[in-house]
Enquirer: 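Following this message is one structure expressed as structure tokens.
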Amino acid sequence: MASLQSLDVRNRSASTAVPPSVRKDLEVAKLIDVSKCIGCKACQSACMAWNDLRPDVGVNSGIYDNPENLGPAAWTVMRYTEHEEAGRLEWLIRKDGCMHCTDPGCLKACPSPGAIVQYANGIVDFVQENCIGCGYCVKGCPFNVPRISKADNRAYKCTLCSDRVAVGQSPACAKACPTGAIVFGSKESMVDHAQGRIKDLQSRGYDKAGLYDPQGVGGTHVMYVLHHADRPELYSGLPNNPEISPMVALWKGALKPLSMIGMGMALLAGLFHFVTKGPNEVTEADEENARKLKGRDAA
Amino acid sequence: MTTSTEKVAVVRDTYTRYNPSERANHWLVVVCALLLMLSGLAFFHPVFFWLTALFGGGQAARAIHPWIGVVLAISFTFMGIRFFRQNIWTKEDSEWMSHVGDVINHREDKVPEAGRFNAAQKLVFYVMFWSVVTLFLSGLVLWQHYFGDAFPIGLQRFAGLVHAVMAAAMIITMIIHIYAAIWNAGSVRAMTRGPVTGGWLWKHHRRFLREEVGGRK
Ligand code: SF4
Ligand code: SF4
């Protein structure tokens, strides 16, 4: 996406300055109710249509997941899991894609200023014109979402239709979903809406039904209603308790100031050693000693 | 007798510290290391991101950095083979190291004699060696364009951390190494032109001078 939007930026990759923060924007969220999804892929098609994406035609691998994985031109993918529980088959269908984390690991890891922005409404967006194609966002993301295109070495992922949201529209997927499994609104109202759905599910025997809004990443702006909220991994490996990897946190956190201090200290140590001790120069006495040594040995 | 000594004092005896191929090898490593440092710092900390402009922008810097790394790894391998034997750590080196305070404070009379490379130079060699090995391997894992999908994500994250830690260690060692060359007058000339005087060897690498002189008998 381009950065020319009527959305305020709250957070910008590789930028030390404080972003404009006078206005407070309403936080938005998309709620995906897995229990209502029929796996029709209308959302996947709507995403392709609105964003003008045409992933290469793949091969049939014997499962419904198609394309099989997210890609630079496949920003959302339906993942199908057959799960047996209490002698009943459950078809768990999860719409995979960017979760729009409140604490986005991709943005934390990105070294290019402004290649990843987080708008004040919570949407995390990749700005391809600023992307350098290093793939650090891939390492930062706890949900395995960003994909780097081999064609242009730039990172792509779901934008939560930031261009539509910026003009008061809901994301294309939410618009297209025929069962109302995808709803969009303020984060607050989406959490509310989810509570109603969860109560309903619990009354139908899904006593572990719940909301997936993982706090390890500060909550997300794409949330799921899950029938088995106690076991999110059932849903094609949705991580239980996702968080930014401690290795990324160290690499992109404490290590930066520590190394800068180390390098600065080394430079200053050199400077002050030089101005206090001066250069270590060879004296004529050294030359004389060397000649003597040579003379003696030669004799 | 005295007059002849004075005459010799004008015509200084010189020794070749580094031969042309050692110098060329060293400077190839230097050029690569500096370019890698400049582009790498740009990816490491936002305050340095402007350095990508030196390489023609972020995309270009990202594309060229690993290739320079490959050239450095190859040229450093040759340098490692060249200097390996003279950098083997000995008892004398531990002794030398315990006098590092005397070295820093210009009290060389108290410091044990050094061979072709003193203990501090050997340490630089080891840090550089291990940095290059780990930076090269972790760099392969991080090389998005070719190996982006080749390694498990945990290893990719580990590589990112290791690459940054070892790069910082290498840069700090480079600063120390470059400063030591400036501080010990005559060293830069040895690496740019080749020769040092007998006095320079007497002062800094006396054991090596003894061997040289002995060998010339
Ligand atoms: S590849 Fe990812 S981390 Fe690297 S510059 Fe692009 S968005 Fe940032
Ligand atoms: S899910 Fe991944 S790509 Fe999306 S905001 Fe979170 S860290 Fe970034």
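Lettering of chains follows the sequences in order, A, B, ..., and the numbering in each one begins at 1.
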Enquirer: Looking only at heavy atoms, what is the nearest atom pair of Leu293(A) and Arg210(B), with distance?
Expert: CD1-NH1, 3.3 Å

Enquirer: How long is the gap from CZ on Phe49(B) to OG1 on Thr16(A), to the nearest 0.5 Å?
Expert: 13.0 Å

Enquirer: Among residues 106-142 of chain B, which residues come closer than 4.5 Å to chain A, judged by heavy atom distances?
Expert: His106(B), Glu108(B), Leu142(B)

Enquirer: Has Tyr179(B) got a side-chain atom pairing as donor or acceptor with Ala269(A)'s backbone, closer than 3.5 angstrom?
Expert: no

Enquirer: Looking at OG of Ser112(A) and CD of Gln59(B), how far apart are the two atoms once the value is rounded to the nearest 0.5 Å?
Expert: 8.5 Å

Enquirer: Quick check for you: to the nearest 0.5 Å, what is the distance between Leu271(A) atom CG and Ile175(B) atom CD1?
Expert: 12.0 Å

Enquirer: Looking only at atom types and distance, does a side-chain atom of His45(B) sit under 3.5 Å from a main-chain N or O of Met260(A), one as donor and one as acceptor?
Expert: no

Enquirer: To the nearest 0.5 Å, how far apart are CG in Asp13(B) and NZ in Lys294(A)?
Expert: 4.5 Å

Enquirer: Please report the interatomic distance CZ(Phe44(B)) to NZ(Lys256(A)), rounded to the nearest 0.5 Å.
Expert: 7.5 Å

Enquirer: Can you check whether Val248(A)'s main-chain N or O pairs, donor with acceptor, with Arg157(B)'s side chain at less than 3.5 Å?
Expert: no

Enquirer: Count the heavy-atom pairs under 4.5 Å between each of Ile104(B), Thr52(B), Leu201(B), Val162(B) and chain A, then report the option with the highest count.
Expert: Ile104(B)

Enquirer: So which residue, Arg206(B), Arg62(B), His163(B), ends up with the most heavy-atom pairs under 4.5 Å with chain A?
Expert: Arg62(B)

Enquirer: Closer than 3.5 angstrom, by distance alone: can the side chain of Glu281(A) be matched with the main-chain N or O of Asn184(B) as a donor-acceptor pair?
Expert: no

Enquirer: Are there residues of residues 146-155 of chain A that reach to under 4.5 Å of chain B by heavy atoms, and which ones?
Expert: Ile148(A), Lys150(A), Asp152(A), Asn153(A), Arg154(A)

Enquirer: Taking the side chain as everything from C-beta on, heavy atoms only, tell me whether Val282(A) gets closer than 4.5 Å to Trp202(B).
Expert: no

Enquirer: Counting only heavy atoms closer than 4.5 Å, note whether Met265(A) contacts chain B via side chain, backbone, both or neither.
Expert: neither

Enquirer: In the structure I gave you, are the side-chain heavy atoms of Leu255(A) and Leu161(B) within less than 4.5 Å of one another anywhere?
Expert: yes

Enquirer: What I'd like to find out is whether the side chain of Asp286(A) reaches to under 4.5 Å of the side chain of Thr197(B), using heavy atoms alone.
Expert: no

Enquirer: Run the side chain to side chain donor-acceptor pair (under 3.5 Å) test on Lys203(B) and Asn280(A) for me, step by step, so that the C-alpha distance in whole Å, both residues' side-chain angles and the decisive distance to 0.1 Å come before the verdict.
Expert: CA-CA 10 Å; Lys203(B) 186 176 176 66; Asn280(A) 195 9; 3.1 Å; yes

Enquirer: Between chain A and each of Asn105(B), Leu41(B), Ile176(B), count heavy-atom pairs under 4.5 Å; write down the option with the most.
Expert: Asn105(B)

Enquirer: Count the heavy-atom pairs under 4.5 Å between each of Asn289(A), Leu267(A), Val138(A) and chain B, then report the option with the highest count.
Expert: Asn289(A)

Enquirer: Only pairs of heavy atoms separated by less than 4.5 Å count here; which of Cys134(A), Ser259(A), Ala266(A) has the most with chain B?
Expert: Cys134(A)

Enquirer: Side chain from CB out, backbone as N, CA, C, O: work out which of these in Phe151(B) comes under 4.5 Å of a heavy atom of chain A, or both, or neither.
Expert: neither

Enquirer: Quick check on Pro142(A) against chain B: is it the side chain, the backbone, both or neither that has a heavy atom closer than 4.5 Å?
Expert: backbone

